[in-house]
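Here is the naming used below: chain letters follow the sequence lines, and residue numbers restart at 1 for every chain. Just so it is clear, the structure is predicted and the values come from calculations on it, not from any experiment.
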There are 2 protein chains.
Amino acid sequence: MRGHRFRGARARRRVGPGEWAVRARVERFGEPALLLLLSERPAHGYDLLEQLPELTGERRIDMGNLYRVLRALEEDGIVTSAWRDDAPGPSKRIYELTDEGRRLLGGWADALRANQGLVSSFLDRYEKGGDHVPRT
Amino acid sequence: MRGHRFRGARARRRVGPGEWAVRARVERFGEPALLLLLSERPAHGYDLLEQLPELTGERRIDMGNLYRVLRALEEDGIVTSAWRDDAPGPSKRIYELTDEGRRLLGGWADALRANQGLVSSFLDRYEKGGDHVPRT
DNA sequence: CCCTCTACATGTAAATCACACATGTTCGGA
DNA sequence: TCCGAACATGTGTGATTTACATGTAGAGGG
């Protein structure tokens, strides 16, 4: 019977009585991850699919969304694509980063550094607080 | 004339030809920020509204969402609230962190530390890449 | 009485995300 | 030769979160 399990993009979910599993992720982190991979070398969707988990920390990447993101990036001039039939296997759409894409990746790096600072402050303030997690 | 400006939760937006403004934020970062403030001392919504920007780096906090989050937290037993009429001015709903809330804050801290590691790896890999942002 | 500030709250559209499902190709083994 | 697994590219859809607009009501000053 479908539809009876965990659904949606919840960042916090109950895993027991008074127990919560929390996930802290940067919004749209898939985009800079994609850009970084493409800055290293052109690749096709399925290829990226296999390289992404190491960067994002996710176990599995959603293919559907990956292809949608790639198309959106192309619409915005961040990447370009071309079909490749010469390689063995099904034909692939190879994506490549544009100069604009490289600038965007630089922007992401700046923004991520800024966020690292913010979260560091948060954690420092938390740790200074003392009297923390009570026993379950 | 309403409805003609930038709307929505976009993390990236065009600010010029080939120029993008990027924001890197942790998903639902408002929640741990709220929990940290409440772990320091009980407070009412409007009070939190004024303390949050320092923690989150946002200029202004959306009141509507703040109160929605607070109610959701109360539903889940993370905070409790009580009305206060004795203080001058409009009566306030004072929020206080529960033990479960303290555990959740601990969970957020762990998750945020994990994410810091992930983003650090990303930035290291980016910086190792050399040949970066081309001139505009 | 009227206006502003404080305080709490709802309505709604856009963006993102998780999950399910559709479609075709290539290749190795039974 | 047929079958299934892995490769490769997508579409459909509802849940969640966010940004912004708007609504309600009491307190306090002039």
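Relative to the side chain of B/Arg71, the nucleotides D/dT17, C/dT10, C/dA7 differ in distance, and C/dT10 lies closest. Taking the side chain of B/Asn65 as heavy atoms from C-beta on, and the options D/dA27, C/dA18, D/dC20, the nearest nucleotide is D/dC20. Here the side chain of A/Glu27 is nearest to one of C/dC8, D/dA27, D/dT18, namely D/dT18. Comparing C/dC17, D/dA19, C/dC8 by their nearest atom to the side chain of A/Arg28 picks out C/dC17. Taking every side-chain heavy atom of A/Tyr46 into account, D/dT9 is the closest of C/dC8, C/dA18, D/dT9.
As judged by a 4.0 angstrom heavy-atom cut-off over every strand, B/Arg68 is placed among the base-contacting residues. Here B/Arg25 lies in heavy-atom contact (under 4.0 Å) with sugar-phosphate atoms only.
Within the structure, every side-chain polar atom (N or O) of B/Tyr67 is placed at least 4.0 Å from both OP1 and OP2 of C/dA9. Regarding contacts with the backbone of C/dA9, a side-chain N or O of B/Arg93 is found under 4.0 angstrom from either OP1 or OP2. Between A/Arg84 and D/dC7, a side-chain N or O to OP1/OP2 separation shorter than 4.0 Å is absent.
Nearest-nucleotide positions on DNA chain D for B/Val69 and B/Gly64 put B/Val69 closer to the 5' end. Mapping B/Pro90 and A/Gly89 onto DNA chain C by nearest heavy atom places B/Pro90 at the nucleotide closer to the 5' end.
Straight-line distance from the CE atom of B/Met63 to the P atom of D/dT24: 16 Å, rounded to whole Å. One interatomic measurement links the two molecules: NE2 of B/His44 to P of C/dA9, which rounds to 13 Å at whole-angstrom precision. Rounding to whole angstrom units, NZ of residue A/Lys92 and P of C/dT25 are separated by 14 Å. Regarding B/Glu58, its CD atom lies at a distance of 11 Å from the C1' atom of D/dA19, rounded to whole Å. The CG-P distance, from B/Asp86 to C/dA7, rounds to 13 Å in whole Å. Atoms CG (B/Leu66) and C1' (C/dT10) sit 14 Å apart, rounded to a whole Å. One can place CZ of B/Phe29 at 16 Å from C1' of D/dT17, the figure rounded to the nearest angstrom. Summarising the geometry, the separation between CH2 on A/Trp83 and P on D/dC7 is reported as 17 Å, rounded to the nearest angstrom.
Between B/Glu100 and A/Glu19, every side-chain heavy-atom pair lies at or beyond the 4.5 Å cut-off.
A salt bridge does not link A/Arg71 with A/Glu74: every distance from a Lys NZ or Arg NE/NH1/NH2 to an Asp or Glu carboxylate oxygen is 4.0 Å or more. With respect to B/Arg12 and A/Glu27, no salt bridge is recorded, no charged nitrogen being found less than 4.0 Å from a carboxylate O. Ion pairing between A/Glu127 and B/Arg113 holds under the 4.0 Å rule for side-chain N and carboxylate O. Under a 4.0 Å N-O distance rule, the pair B/Asp47/B/Arg41 qualifies as a salt bridge.
The closest side-chain donor-acceptor pair between A/Ser81 and A/Glu96, if any, does not fall under 3.5 angstrom.
Residue-to-nucleotide contacts include no donor-acceptor pair under 3.5 Å from the side chain of A/Asp62 to the base of C/dC17.
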